[in-house]
Enquirer: 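Got a structure here, written out as structure tokens. Questions coming.
Remember, it's 1-based here, ligands and their atoms both numbered in the order they're listed. Everything numeric here is computed off the predicted structure, so don't read it as measured data.
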Amino acid sequence: MSAKLMDGKALAAEMRAELRAEVERLAATGVAPGLAVVLVGKDPASQSYVSAKERACAEIGVRSFDHRLPAETTQDRLMGLVRELNADPKVHGILVQLPLPKHINEDDVLLAIDPAKDVDGFHPVNVGRMLIGHKAYLPCTPHGVVQMLVRHGVRTDGAHVVIVGRSNIVGKPLAVLMMQKREGGNATVTVCHTRTRDLASHTRRADIIVAAAGRPNTITAEMVKDGAVVVDVGVNRVEDASKKSGFRLVGDVDFEAVKHKASLITPVPGGVGPMTITMLLASTVEAAKLSSGT
Ligand code: GUN
């Protein structure tokens with residue numbers, strides 16, 4: 001068996017075309033959705049994610065306000081910027097790229113963002129609302145994973161989903177979304193992590209595996225049941241002398257081997273990544289609509 005590819009790039013392009021039309025409709029009413037993107041320091045992976053987010057904004061006509069600050073930026077300076085962005089009516093969404101440098105308290109920064117502009121869905125108010133199933137900004141990567149499954153017709157209702165990884169950004173919120181009583185939810189969810197004993201005994205029982213561990217080859221072929229759906233959230237840089245950059249990107253799944261067991265699988269790159277950014281755009285457009293009452 002060889003798996004069908006879940007092409008995140010193609011699906012994201014389709015969804016971005018819908019969003020572009022929405023942005024044009026809003027423009028006709030005098031509303032221009034705006035996203036502030038804040039990056040502190042020069043982490044290469046974060047720089048490339050932030051650039052991709054800004055390009056995506058330009059692609060659909062969302063204004064992006066770029067704030068690239070030096071690594072030595074103080075907590076006070078960053079909190080001051082967040083307060084300015086909270087008060088700026090041109091800014092409908094605020095994204096502070098994580099991780100932040102060690103001397104900055106991430107929790108305090110996330111708490112300072114106005115929940116109504118928290119298009120990343122990281123503010124405790126939005127996390128709490130999501131948990132109890134109220135309307136909320138959803139974290140973009142888990143939201144993108146659910147959309148990818150729904151739009152590929154994957155039945156989650158009653159399915160056994162095994163998530164490998166328990167981060168606040170992916171594993172924990174994805175578990176909440178997939179167990180929620182709604183479309184793309186109703187699953188029985190197992191969350192595995194670095195202290196899980198015999199990981200393979202869990203993944204082998206999964207109808208859907210989501211790998212979000214941040215380590216290449218976390219999921220190998222013998223860990224996957226025949227016909228399972230495999231979603232790879234990992235983005236890992238591995239050295240590759242044949243590349244100009246000196247590295248290539250791989251996921252957490254041994255793609256070449258697992259594609260012979262799975263029924264559907266996401267590639268890296270071109271799988272979950274483009275969907276994450278698309279959900280960020282969707283939340284920013286939504287925030288602009290809510291703030292303008294259109
Ligand atoms: N770092 C890794 N993923 C994300 C994300 O979705 N949002 C932000 N702000 N930072 C991240």
Enquirer: Excluding sequence neighbours, so at least two apart, what forms side chain to side chain donor-acceptor pair (under 3.5 Å) with K135?
Expert: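 Result, side chain to side chain donor-acceptor pair (under 3.5 Å) vs K135: E286.
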Enquirer: May I have the list of side-chain donor-acceptor pairs in residues 23-33 shorter than 3.5 Å, sequence neighbours left out?
Expert:
from: R25; atom 1: NH2; to: E22; atom 2: OE2; distance (Å): 3.2
from: T29; atom 1: OG1; to: L26; atom 2: O; distance (Å): 2.7

Enquirer: Once side-chain contact (heavy atoms from CB on, under 4.5 Å) is applied, do any residues pair with E14, and if so which ones, sequence neighbours excluded?
Expert: L11, R151
Enquirer: Need the list: ligand 1 N/O atoms against protein N/O atoms, distance under 3.5 Å, rounded to one decimal.
Expert:
from: ligand 1; atom 1: 1 (N); to: Q97; atom 2: NE2; distance (Å): 3.2
from: ligand 1; atom 1: 1 (N); to: L98; atom 2: O; distance (Å): 2.9
from: ligand 1; atom 1: 7 (N); to: D120; atom 2: OD1; distance (Å): 3.2
from: ligand 1; atom 1: 7 (N); to: D120; atom 2: OD2; distance (Å): 3.2
from: ligand 1; atom 1: 9 (N); to: V96; atom 2: O; distance (Å): 2.8
from: ligand 1; atom 1: 9 (N); to: D120; atom 2: OD2; distance (Å): 2.5
from: ligand 1; atom 1: 10 (N); to: L98; atom 2: N; distance (Å): 3.0

Enquirer: Between the side chains of E54 and R63, is the shortest nitrogen-to-carboxylate-oxygen separation below 4.0 Å, so that they form an ion pair?
Expert: no
Enquirer: Are R155 and D207 ion-paired here, with the side-chain N under 4.0 Å from a carboxylate O?
Expert: no
Enquirer: Do V161 and T188 come within less than 4.5 Å of each other through their side chains, counting heavy atoms only?
Expert: no
